[in-house]
Amino acid sequence: MIHVDITEAVLDPLAALSHCCADSHGAADLFIGRVRNLNEGRAVTAVSYDLHPVLCKNIFAEICREAQGRWGDHIHVYLVHRLGRLEVGEASVITAVSSPHRAHSFEACRYLIEQMKVRAPIWKQEHYVDGDSEWIKGHALRNPA
Amino acid sequence: MIHVDITEAVLDPLAALSHCCADSHGAADLFIGRVRNLNEGRAVTAVSYDLHPVLCKNIFAEICREAQGRWGDHIHVYLVHRLGRLEVGEASVITAVSSPHRAHSFEACRYLIEQMKVRAPIWKQEHYVDGDSEWIKGHALRNPA
Amino acid sequence: MTRQIPIRLFGAFRQGRSDATLTVEIDTDARVSELRQAMSKALDSDSARALLKASAFATDTEILDDDQPVPEREISILPPVCGG
Amino acid sequence: MTRQIPIRLFGAFRQGRSDATLTVEIDTDARVSELRQAMSKALDSDSARALLKASAFATDTEILDDDQPVPEREISILPPVCGG
């Protein structure tokens, strides 16, 4: 089972844990990314996320299918990212995986967040205490020319 | 910040995530162990957990302090185990860690569950569909003679 | 024969713009590399042109290579990403 | 001089028992190894004696080594563990 989404609503860890649950699954791992008050030495007040909704969901689904390919079709996989302006402490992303044994849950959950960060078309603009704001430099999607 | 406990109440992932949260923490990882319907080929209906309450909490706290020693005193650490009879699907243990960056959350959260499993004085009696029940063989705490 | 390509802008390409699209004109049979050149000419700052070099053109379903023909679908320009 | 040591039982040591304590008598200055021998004699099955070999004596704060003196505190016998 795969669930992916992008949403302007507050993220819900319990929804992730409900999805990542089965009678044969003894383990679930859940990761939450939250907005930090500090990045590279600058005091952050909020972050605005921009993203390409359709391509983003397609990439999320692709990453989830890859996880099932590596750790088994039976694992339950959840990947949801938030859109819009988030204050410090708010959750920007939740990834979760359940599986029969714990090693696979940890490994697959980590895979989701690592792949999401370098492949999903999502952009982050940080707003600073001094009133400035900046689009954060990220990972190029462009195939080498 | 460290929170450890043993309880007969249903475990609460949101309590773990509230504890594992700080304005400077961009990451939190949470692990849930649940009762599976199958163990080594036998159909399980429920599991009864027995434990040594005081020593258990002492060992939990020791494991958490070790995690802070390895990944930093600033990380927030949560380790709670349930006591009593649990049906299939119920959570027996929750471990969680928050930290500025995600690698430490994943690594420390994994450390908690791995160490808990081999060091905490907890015992598991499985109840099977056929009416039989059995105490599960585990990891010896005895120091080599 | 030429055609108008509205390019959807994201992230830093939206900086200081009121619209989320930049329209450029290319030959009907142009490849992505020519779309890239046309967009570079249409951009109004060196920083935007530098960003473009690290950016990928994409449809809703795939990242495009520079030597592909420009597909008859909605085209986006994706700066380097940083979700989470 | 001897003393009575009530040993708290956990896990499989409770199998088929109504009480959660087994009391044995040891010399006042006995070490943990002697407590282990006394408990072995007091057990009523080979399987329990085999389990004892893999089990650790402990107080509320520490696992005891066999060559330590038996402390004047509550003593537990801990079979191999399997939490989670």
Side-chain angles (χ1 to χ4, degrees), chain A residues 4 6 11 31-36 39-40 47-63 79-83 86 90-95 110 112-126 132-145, chain C residues 5-22 30-37 39-40 43-84:
Chain A
V4 301
I6 55 168
L11 300 188
F31 176 81
I32 298 189
R34 297 189 181 111
V35 175
R36 286 194 300 149
N39 190 29
E40 297 184 0
V47 169
S48 296
Y49 286 94
D50 185 20
L51 54 77
H52 185 310
V54 179
L55 182 59
C56 203
K57 287 175 76 169
N58 283 332
I59 300 273
F60 281 9
E62 184 176 291
I63 292 169
L79 173 46
V80 175
H81 201 289
R82 194 153 163 214
L83 174 62
L86 280 67
E90 289 195 82
S92 56
V93 60
I94 293 183
T95 65
R110 182 89 191 255
L112 298 183
I113 187 71
E114 298 296 339
Q115 292 296 312
M116 189 283 290
K117 284 193 167 255
V118 296
R119 291 163 57 185
I122 302 175
W123 302 275
K124 179 157 61 180
Q125 184 182 30
E126 285 183 348
D132 195 12
S133 71
E134 199 168 298
W135 288 96
I136 300 304
K137 288 173 183 57
H139 303 269
L141 295 178
R142 188 184 179 188
N143 294 327
Chain C
I5 307 279
I7 302 170
R8 269 179 91 179
L9 305 177
F10 291 94
F13 281 119
R14 303 252 281 258
Q15 189 92 44
R17 300 182 74 96
S18 54
D19 54 347
T21 306
L22 177 70
R31 293 180 185 274
V32 171
S33 55
E34 291 155 79
L35 180 63
R36 189 181 290 278
Q37 286 164 13
M39 181 167 174
S40 189
L43 289 171
D44 53 12
S45 76
D46 286 345
S47 64
R49 278 185 287 273
L51 182 64
L52 178 60
K53 285 187 183 159
S55 300
F57 289 92
T59 65
D60 278 358
T61 54
E62 60 169 348
I63 309 295
L64 302 172
D65 284 329
D66 269 20
D67 58 359
Q68 279 182 261
V70 177
E72 300 275 352
R73 300 178 55 186
E74 187 187 66
I75 303 291
S76 299
I77 183 70
L78 311 179
V81 300
C82 56

One should read off an interatomic distance between C:C82 SG and A:K117 NZ, to the nearest 0.5 angstrom, of 8.0 Å

**Item:** C:D46 atom CG, over 12 foreign heavy atoms within 6.0 Å
**Value:** no

NE2 (A:H52) and OG1 (C:T59) are apart, to the nearest 0.5 Å, by 7.5 Å

Highest number of heavy-atom pairs under 4.5 Å with chain C among A:G33, A:A91, A:A120 belongs to A:A120

Cut-off 4.5 Å, heavy atoms of chain A, and the answer for C:S76 is side chain

Closest non-hydrogen contact found for A:A140 with C:A54 is CB-O, 3.5 Å

Under 4.5 Å to a heavy atom of chain C? For A:L51 that would be backbone

Okay, A:V118 and chain C: the region with an atom under 4.5 Å from a heavy atom over there is backbone

Interatomic distance, CG@C:L52 vs CZ@A:R142, rounded to 0.5 Å, equals 7.5 Å

Okay, A:R119 and chain C: the region with an atom under 4.5 Å from a heavy atom over there is backbone

Value for CG (A:L141) from CG (C:L78), rounded to nearest 0.5 Å, stands at 6.0 Å

If one checks every heavy atom of A:V54 against chain C at 4.5 Å, the contacting part turns out to be both

Whatever's closer than 4.5 Å to a heavy atom in chain A on C:A12 counts as both

If one checks every heavy atom of A:H139 against chain C at 4.5 Å, the contacting part turns out to be both

(Q) With a 3.5 Å distance limit and no angle check, can you tell me whether A:W123 reaches the backbone of C:P79 through a side-chain donor-acceptor pair? (A) yes

On a heavy-atom basis, the closest approach of A:S92 and C:G84 is OG-C, 3.3 Å

